[in-house]
Amino acid sequence: MKSIVFIAPPAAGKGTQSLLIKEKYNIPHISTGDLLREAIEKHDERGKYIEKQMVLGNLVSDDIILELLAERLNNTDCDNGYILDGFPRNLEQAYAYDELLKKIGKELGIVIVLELDKEEAKKRIVGRHSCPQCGEIYNTMFEETKPLQEGLCNKCYIPLIQRIDDNEETFNKRFDTYIEKTAPLIDHYEKIGVLYRVNSGINKETTFKSIQKILNNQENL
Ligand code: AMP
């Protein structure tokens, strides 16, 4: 299967779509945000630095990201493709990723942009909660994505958590960072001919249908 890179503003659903693809196509989901959140849990100097950048809505240094990612891609579960959620986040990372792929003998695959406007993204951020055990994502702002029991995962029945950077102030900074640093990647990958655009503004089912259409049309899927 070809690997998939997601480019998307905050709350466009790259985590949700990654989990749906993972289930249906059986390839691992690698979220650099999750790798960073795990690194924070070590409570060392690096973890403190990462936490500070995340809370400010800044990007974490390319060196740290590349180190964490290279380590993760080494795992044999990545041999038949993987979903990359949250990387690359700027052109420097895209170039470094090309080098890394050459070094480890893997192909880029395809790049999917999830398109969502700022106001809708903001609404989604404020209510976003997730299950610390299974990773299921809920949104308390919308009837159809609320947990059945307030504050509890529908599957695991344990309390939901909210991310340290899911608040309005950090959201504004993250969105600006996306426009300034990450959005230029869209042009970059369009020129290479690997880019697909998906409207992420309706609901997760519609978005997933569009993604499946793209994946099923790939040769050597
Ligand atoms: P995400 O979970 O993808 O929304 O990422 C949450 C936060 O983690 C971002 O706002 C950044 O602070 C940091 N982050 C995630 N991926 C990267 C990356 N590829 N480069 C730099 N910082 C990142």
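Basis for what follows: all heavy atoms, side chains included, without hydrogens, waters or symmetry-related copies. Order of appearance sets the numbers: ligands from 1, and atoms from 1 within every ligand.
Of the protein's heavy atoms, G86 O, 2.9 Å lies nearest to atom 19 (N) of ligand 1. Regarding atom 14 (N) of ligand 1, its nearest protein heavy-atom neighbour is L36 CD1, 3.3 Å. For atom 18 (C) of ligand 1, the nearest protein heavy atom (residue, atom name, distance) is R89 CG, 3.3 Å. For atom 3 (O) of ligand 1, the nearest non-hydrogen atom of the protein is K14 NZ, 2.8 Å. At the shortest separation from atom 8 (O) of ligand 1 among protein heavy atoms lies M54 CE, 3.3 Å. The protein heavy atom nearest to atom 16 (N) of ligand 1 is T32 OG1, 2.8 Å. Closest to atom 20 (N) of ligand 1, if we only count protein heavy atoms, is Q93 NE2, 2.8 Å.
Under the 4.0 Å criterion applied to side-chain N and carboxylate O atoms, K122 and D117 are not assigned as salt-bridge partners. Residues K173 and D176 are not paired through a salt bridge, judged by the lack of any N-O separation under 4.0 Å between the basic side chain and the carboxylate. Taking a cutoff of 4.0 Å between a charged side-chain nitrogen and a carboxylate oxygen, R197 and E190 qualify as a salt bridge.
Residue R163 places at least one N or O, backbone or side chain, under 3.5 Å from an N or O of ligand 1.
When heavy-atom distances to ligand 1 are checked against a 4.0 Å cut-off, E51 has no atom that comes that close, whether in backbone or side chain. When heavy-atom distances to ligand 1 are checked against a 4.0 Å cut-off, V60 comes that close through both its backbone and its side chain. Counting heavy atoms closer than 4.0 Å to ligand 1, residue N58 contributes backbone atoms (N, CA, C, O) but none from C-beta onward. Under 4.0 Å from ligand 1, heavy atoms of L59 appear from its side chain as well as its backbone.
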What's the verdict on salt bridge (Lys or Arg N to Asp or Glu O under 4.0 Å) for D166 and R174, showing C-alpha distance, side-chain angles and the deciding distance?
CA-CA 10 Å; D166 273 354; R174 284 161 69 200; 3.1 Å; yes

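Taken from CD in Q93 to CG in D62, the straight-line distance is 4.5 Å, to the nearest 0.5 Å. The structure places CZ of F6 at 10.5 Å from CG of L84, a figure rounded to the nearest 0.5 Å.
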